[in-house]
Amino acid sequence: MTADVDDPQALLLSLLDPAVRADPYSVYARLREAGPVVGPMGIVVVSGYADIDRLLRGGEVSSDYRTSAVFRDWLAEQGADVGMWLADDTQPFLLRDPPDHTRLRRLVSKAFTPRAVASLRPRIVELVDGLLDRALARARAGEPVGAADRSPDAAEGSPDAPAAAAEGSPDAAAAAVPSGAIELVDELAYPLPVTVISELLGVPAEDEHQLRGWSRHLARSIDPPFLLSPEDRRASWDAIDEFHEYLRERIAERRAHPRDDLLSALVQARDGGDALTEDELLGTCVLLLAAGHETTVNLIANGTLALLRHPEARAWHAADPEQRSLAVVEETLRHDPPVQLRDRVAASDLDLHGVGIEAGRTLLLLLAAGNRDPRRFPDPEAFAPWRGSHGRGDPGHLGFGAGIHYCLGAPLARLEGEVTFTAIARRLGEARLPDVELVYRPSVALRGLEALPVQPSS
Ligand code: HEM
């Protein structure tokens with residue numbers, strides 16, 4: 001598909017093209033050079049670092065997409081009940097503004113302080129070692145990836161079961177893994193964060209398959225509306241309903257029998273006498289589970305791929321993995337971030353470099369484009385984990401957002417990434433990338449590989 005900046009709509013729509021998805025950064029660069037542009041549905045696309053940073057940190061925008069004129073028009077077109085949407089209290093705090101955002105975030109934040117998260121390190125090390133042991137043993141034995149958990153029984157009841165063998169699905173991707181290679185996504189990058197967040201929250205590990213399906217559909221819903229088909233939208237709504245149903249049962253269990261887990265703590269939470277309502281609890285749990293399922297996996301896979309593709313960075317990392325893995329985490333979050341964009345709504349009329357944006361207009365903030373803004377990062381296209389203040393203080397990238405919605409799970413994601421990159425350097429030796437086509441998931445907002453085969457050194 002060809003598109004140029006004179007036609008920002010076509011340029012944005014080109015992001016749906018699988019070939020562009022494999023490397024969207026040249027499209028981002030052209031958008032950035034054009035400054036803020038008006039895309040499909042009147043959505044304003046913002047790609048410069050300073051503009052995005054200003055909008056994320058300032059009070060000019062809302063995170064509540066329900067305040068968007070685009071969303072309301074679209075709901076009305078669908079014949080949906082706008083009033084019901086506005087009253088929906090299951091909206092997670094990611095999509096809310098103060099004061100609700102402040103209150104809800106505060107209730108959860110204790111579980112994610114750097115200190116609380118640091119106590120999880122031994123368990124994370126144990127999980128990473130166990131997963132790598134298993135993957136390497138399977139690869140050495142020449143067994144296919146995931147044979148054990150891809151039986152029809154295992155897939156039953158999962159919302160993505162019907163598409164299990166479809167092109168672009170994890171199963172189709174796993175089939176392309178050469179003999180002797182491990183499949184890094186399925187065997188390490190995915191199960192690690194999923195197990196960690198499930199254990200933290202206290203949902204049974206055996207429900208992972210179901211949660212995976214729901215999270216996958218939900219993740220699609222963070223794509224901008226013009227890139228989402230009505231079927232995708234419907235599937236994500238259905239997934240949310242099923243997810244809520246599942247969580248209602250878990251919440252009822254915890255009310256009756258509290259345990260030592262985050263779910264019990266949230267059920268019992270009091271903040272100055274203010275408990276979470278059942279709906280707020282549902283929204284919060286879905287947010288944590290979905291964030292735990294859909295993001296760190298891509299940090300691990302995108303970072304490993306970058307190391308495999310950049311020998312200089314890899315050698316630098318391998319020289320001292322314990323000290324340098326955090327820098328690889330930060331550079332991955334800058335160079336190829338799992339969350340590529342977020343949306344906001346103008347809370348009042350604002351002006352961005354002469355582009356007038358009236359209140360209620362949706363803005364698309366291309367975090368990944370800001371992260372490669374040459375006005376902020378020298379030589380931005382290079383994967384250079386040794387750059388800047390990585391590992392010491394604020395690394396400056398937008399990979400975790402900025403401002404009041406800055407990623408709550410950042411300390412956990414950093415720790416999981418750091419432990420995993422260290423183990424990969426120590427245990428996979430001179431691993432290489434086999435000659436197979438890499439397929440990205442069908443999402444523009446979340447950037448992640450369906451599969452990443454890695455051939456360990458013998
Ligand atoms: C928010 C990225 C891992 C929980 C965010 C935001 C980004 C982000 C960009 C800001 C969204 C916005 O401003 O609209 C990432 C990345 C991760 C990651 C790249 C992995 C590498 C996690 C994990 C958790 C988590 C593991 C927890 C289990 C959250 C929550 C918010 C959030 C609760 C909402 C914060 C708020 O609205 O105040 N994340 N995240 N994230 N993230 Fe993460």
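Both backbone and side-chain heavy atoms feed into the values below; hydrogens, waters and symmetry mates do not. Here, residue 1 is the first one in the sequence, and each next residue gets the next number. All ligand and atom numbering here is 1-based and tracks the order in the structure.
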Between [X] and [Y], do the side chains contain an N or O donor and an N or O acceptor separated by less than 3.5 Å?
| X | Y | result |
| --- | --- | --- |
| Asp261 | Ser264 | yes |
| Tyr246 | Asp207 | yes |
| Thr332 | Asn302 | no |

For [X], take its heavy atoms, then give the atoms of ligand 1 lying under 4.0 Å from any of them.
| X | answer |
| --- | --- |
| Gly401 | 9 (C) |
| Leu287 | 33 (C) |
| Leu299 | 21 (C) |
| Ile404 | 38 (O) |
| His101 | 36 (C), 37 (O), 38 (O) |
| Ile197 | 28 (C) |
| Ala413 | 3 (C), 20 (C), 21 (C) |

Who's the nearest protein heavy-atom neighbour of [atom], and how far?
| atom | result |
| --- | --- |
| atom 31 (C) of ligand 1 | Leu408 N, 4.0 Å |
| atom 16 (C) of ligand 1 | Phe400 CE2, 3.6 Å |
| atom 37 (O) of ligand 1 | His405 ND1, 2.6 Å |
| atom 42 (N) of ligand 1 | Cys407 SG, 3.2 Å |
| atom 34 (C) of ligand 1 | Leu94 CD1, 3.8 Å |
| atom 18 (C) of ligand 1 | Thr295 OG1, 3.3 Å |

- Item | Minimum heavy-atom distance between Val286 and Leu218, given as atom pair plus value | CG1-CD1, 3.7 Å
- Message: Could you tell me if Arg372 sits above the aromatic ring of Tyr28, with its cationic atom closer than 6.0 Å to the ring centre and no more than 45 degrees from the axis?
- Response: no
- Message: At under 4.0 Å between heavy atoms, is it the side chain or the backbone of Thr296 that contacts ligand 1, or both, or neither?
- Response: both
Any side-chain heavy-atom pair of [X] and [Y] under 4.5 Å:
| X | Y | value |
| --- | --- | --- |
| Leu192 | Thr420 | yes |
| Tyr49 | Arg32 | no |
| Leu184 | Ile300 | yes |

- Query: Does Arg344 come within less than 4.0 Å of ligand 1, judged by its heavy atoms?
  - Reply: yes
Which of the listed options, [options], holds the heavy atom that is closest to [atom]?
| atom | options | result |
| --- | --- | --- |
| atom 35 (C) of ligand 1 | Arg105, His397, Glu294, Arg342 | Arg105 |
| atom 23 (C) of ligand 1 | Ser109, Gly409, Ala290 | Gly409 |
| atom 2 (C) of ligand 1 | Ala445, Gly399, Ala291 | Gly399 |

- Check the pair Arg216, Glu294 against salt bridge (charged side-chain N to carboxylate O under 4.0 Å, His left out), reporting the backbone distance first and the verdict last. CA-CA 7 Å; Arg216 218 175 147 86; Glu294 296 297 331; 5.8 Å; no
- Taking the six-membered ring for Trp and the single ring otherwise, decide whether the centroids of Tyr190 and His293 are under 6.0 Å apart. yes
- Ring centres of His405 and His101 under 6.0 Å apart? yes
